[in-house]
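Residues take their numbers from the sequence shown, with the count starting at 1.
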Amino acid sequence: RETQGWGYWRGKQVPPRWESQICLTLALPPEAISTRSHDEPIAALDLNWRIWEDRRVRIGFLVDSNGGAQPIFLPEKITKDWSYIKKLQADMDKAMDDVKTNLKEALNNRDEVPAEVREAAQSLPQMRKQGLRRFLRLEENGPLDGNMMRTWAWDQTWYENGINGVRSRYIGHRNDFYRNLALNLCRQYRVIAIEKLGLKAMAEEKDKEKRIELAAKYRQLASLSTIILFLKQAAQKTGTEILELNPAYTTLKCSECGELAVNNGEVLLRCPRGHLFDQDRNAAMNLLVSANPPVFGGPSGLVDNSGIMGE
């Protein structure tokens, strides 16, 4: 903080001084939370990342013991910011390719080019931003068009600042959305079953490859580890139990009859007995049964799979 007014030191007037303070925040453990009532519902949440028909990103599917079923989508503002980042990155890459092409033409049209510049230019096709920046410093006062290189460097800085700014914004919006979602779910349910991340890769590797391959670029946007962290934090406040269950074959095992479907890489799967289901909703239903089997008495007691799209 700034001290008030100008002061004097050894007879000379000096500007206001800045004083620093160290503030310590002590986090006290919450008071003991009473046990949640067994009359409260339980839920299962299948988390993933999937692009939908209208370009929305679905990050999971929730089902509960009251018969509720609800897909969860990222807010449109978050996905728009993320898409804008991708556009800026594409424009930045194009600008880099253009300057490489112009540099190559300039080198070919010059008779006298310093040996060190000619040698460095041999790696031009593989150069990325840092390599081109070093080439800029090497050639700044040389025979090539230094203004072209400086303009590219300024543009790159503009793109980078824009990308970093929008990324910070969308991550903040996404984390706020996840915190509110986690707290609302934990207030509503006494038990929430989720997949134990990492096990699916070993237990259902082929299935994982097809599911994730279709929407791999959305993995960073969804950041499932973040929502799981917030769920666990919210559960400590509400007394909710977070069950991390083995997800082996939860996607392919039909929750109606128990038969295994063949993964065709699509959202909708059909089991050998003809049941058509949304694979994420189906996974959530199987997790729900695993969370508390006696309540349901088997897969046949679960919610009807007819509403496969979920709105």
Side-chain angles (χ1 to χ4, degrees), residues 41-74 185 189 191-219 222 224 227-228 231 242-311:
I42 70 173
L45 178 60
D46 178 67
L47 294 170
N48 53 60
W49 55 95
R50 192 185 301 283
I51 187 69
W52 214 240
E53 289 87 345
D54 54 3
R55 308 306 297 173
R56 291 183 298 168
V57 176
R58 194 172 80 178
I59 59 163
F61 211 111
L62 178 81
V63 299
D64 64 34
S65 56
N66 287 336
Q70 181 66 44
I72 301 175
F73 293 90
L74 280 177
L185 291 179
Y189 301 110
V191 176
I192 299 176
I194 61 175
E195 295 178 341
K196 188 173 184 179
L197 294 183
L199 288 180
K200 183 176 285 287
M202 296 180 289
E204 210 168 355
E205 184 174 357
K206 293 182 180 179
D207 176 60
K208 171 182 177 292
E209 290 176 354
K210 292 183 178 180
R211 290 178 64 192
I212 302 305
E213 182 181 1
L214 297 177
K217 63 180 181 179
Y218 298 97
R219 181 174 184 175
L224 300 186
I227 189 172
I228 291 175
L231 275 172
I242 303 296
L243 292 180
E244 293 186 271
L245 303 178
N246 186 337
Y249 299 102
T250 53
T251 298
L252 299 181
K253 182 180 178 181
C254 177
S255 60
E256 291 289 331
C257 64
E259 293 287 338
L260 291 180
V262 176
N263 193 344
N264 57 10
E266 301 295 333
V267 176
L268 302 182
L269 299 180
R270 189 182 298 275
C271 78
R273 295 190 179 182
H275 297 121
L276 184 67
F277 54 82
D278 179 311
Q279 59 175 286
D280 299 329
R281 179 174 180 172
N282 183 71
M285 289 179 171
N286 284 325
L287 287 172
L288 190 62
V289 172
S290 299
N292 201 352
V295 174
F296 303 97
S300 60
L302 290 173
V303 184
D304 181 16
N305 252 329
S306 58
I308 50 178
M309 286 303 186
E311 293 296 335

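Residues T250 and L245 form no side-chain contact, since every pair of their non-hydrogen atoms from C-beta on lies 4.5 Å or further apart. Counting heavy atoms from C-beta outward, C257 and H275 have side chains that approach closer than 4.5 Å. Inter-residue side-chain proximity for D46 and E195 is flagged as met; some heavy-atom pair is nearer than 4.5 Å. A heavy-atom distance below 4.5 Å is not found between the side chains of N282 and L269.
In terms of the side chain to side chain contact (heavy atoms under 4.5 Å, CB included) criterion, residue partners of V191 (sequence neighbours excluded) are, by chain and number, I42, E241, L243. Residues satisfying the side chain to side chain contact (heavy atoms under 4.5 Å, CB included) test with P272, not counting sequence neighbours, are E259. Looking at residues two or more places apart in sequence or on another chain, you find a side chain to side chain contact (heavy atoms under 4.5 Å, CB included) between A43 and L62, D64, Y189.
The heavy-atom pair separating A44 from L288 by the smallest distance is CB-N, 3.5 Å. Contact detail for A193 and A291: the closest heavy-atom pair is CB-CB, 3.8 Å.
Side-chain N or O atoms of N66 include none that pairs as donor or acceptor with a backbone N or O of G68 at under 3.5 Å. Under the 3.5 Å distance criterion, the side-chain polar atoms of N286 are matched with a main-chain donor or acceptor of K253.
A salt bridge links R58 with D278: at least one charged nitrogen is closer than 4.0 Å to a carboxylate oxygen.
Note: I192 CD1 to L45 CG = 7.5 Å, rounded to the nearest 0.5 Å. How far CZ of F277 is from CG of L252: 7.0 Å, rounded to the nearest 0.5 Å. Going from atom CG of L224 over to atom CD1 of I194 covers 10.0 Å, rounded to the nearest 0.5 Å. For the atom pair CZ of R50 and CZ of R56, the computed distance is 13.5 Å after rounding to the nearest 0.5 Å. Annotation: the span from C254 atom SG to M285 atom CE amounts to 10.0 Å, rounded to 0.5 Å. Between the CG atom in D280 and the CD1 atom in I72 there is a gap of 11.0 Å [rounded to 0.5 Å].
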